[in-house]
Amino acid sequence: MSTRITLIRHGETDWNAEGRLQGHLQVPLNRRGRAQAEALATCLQDTGFDAVYSSDLLRALQTAWTIVRYNGQQVRADARLREWDLGVLVGLSRAQAERDQPHATRIRREHLVDEPIPGGESLRQRFERVTGVVAEIAARHRGECVLVVSHGGPLGDCYRRAVGKGIEERMRIDLRNATINRIDIDGDDWTVRSWARTEHLAAVGLLPS
């Protein structure tokens with residue numbers, strides 16, 4: 001009785017395009033991000049989701065609201081599906097972060113999984129938060145089909161869990177905006193069914209990986 005989960009990273013924002021670190025800030029979708037959400041809605045309109053969950057951050061909620069517009073389903077917002085809390089790095093470009101917050105930047109660059117970003121959380125804290133809530137959702141909807149809209153970091157955490165890799169190991173994972181990613185969860189068994197589908201975005205476009 002696996003739970004079939006479709007994982008979506010929110011559509012593009014101006015901050016994605018500019019390479020600025022968003023963390024928990026409320027940043028809306030940009031024009032292409034809204035078009036990506038529309039493309040997702042068209043692609044997924046015939047999928048019979050039994051439940052829809054989203055991060056409570058605006059860019060994820062806007063994506064989820066657009067997807068469910070055709071069927072009128074309720075979007076259940078959950079703060080545990082938020083992106084990595086980047087603390088002092090939020091709002092900075094990568095160049096600004098290197099210059100102004102070298103310690104926090106080193107945590108990201110060197111993958112120091114147990115050291116929290118000042119004012120934020122550690123990679124391990126995010127991993128445990130995200131995989132914990134997704135496991136909870138899967139148990140609640142055993143045997144059903146669920147849509148979860150979240151962020152790049154949390155999607156990477158779910159991919160790691162599904163391929164049996166811990167947060168300690170560096171991995172190259174395709175986590176682009178508005179891609180379609182599917183995993184199955186049956187208790188402690190997580191399996192990737194498909195990852196980083198982009199064909200629905202052919203007419204819209206997306207940022208490179």
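Just so we're clear, the structure is a prediction, and the values are computed from it rather than from any experiment. Sequential numbering from 1 along the given sequence is applied to the chain's residues. These numbers come from the heavy atoms of this one structure, side chains and all, not from hydrogens, waters or symmetry mates.
- A donor-acceptor pair under 3.5 Å is formed between the side chain of Asp50 and the backbone N or O of Cys145.
- Judged purely by atom type and a 3.5 angstrom limit, Glu98 has no side-chain atom pairing as donor or acceptor with the backbone of Thr105.
- Residues Arg170 and Lys165 have side chains not in contact (no heavy-atom distance under 4.5 Å, counting atoms from C-beta outward).
- Using a distance-only test at 3.5 Å, with no hydrogens or angles considered, a donor-acceptor pair links the side chain of Ser93 to the main chain of Gln96.
- Here the side chain of His151 pairs no donor or acceptor atom with the backbone of His24 at under 3.5 angstrom.
- When Arg126, Arg82, Arg129 are each tested for a side chain to side chain donor-acceptor pair (under 3.5 Å) with Glu121, only one passes: Arg129.
- The ring-ring contact (aromatic ring centres under 6.0 Å, His included) search around Phe49 returns none, not counting sequence neighbours.
- Closest approach of Leu86 to Ile117, counting heavy atoms only: O-CG2, 3.0 Å.
- For the pair Val75 and Trp65, the tightest heavy-atom approach, listed with the atom from each and the gap, is CG2-CD1, 3.7 Å.
- Side-chain heavy atoms closer than 4.5 Å link hydrophobic residues (I, L, V, M, F, W, Y) into clusters, and following such links, even through other members, never connects Val149 to Ile173.
- A distance-only check finds a donor-acceptor pair linking the side chain of Asn181 to the backbone of Ala196 [under 3.5 Å].
- Glu38 and Arg69 are joined by a salt bridge, as a carboxylate oxygen and a charged side-chain nitrogen come within less than 4.0 angstrom of each other.
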Verdict with supporting geometry, Arg94 and Leu21, side chain to side chain contact (heavy atoms under 4.5 Å, CB included): CA-CA 7 Å; Arg94 284 166 175 78; Leu21 301 169; 4.0 Å; yes
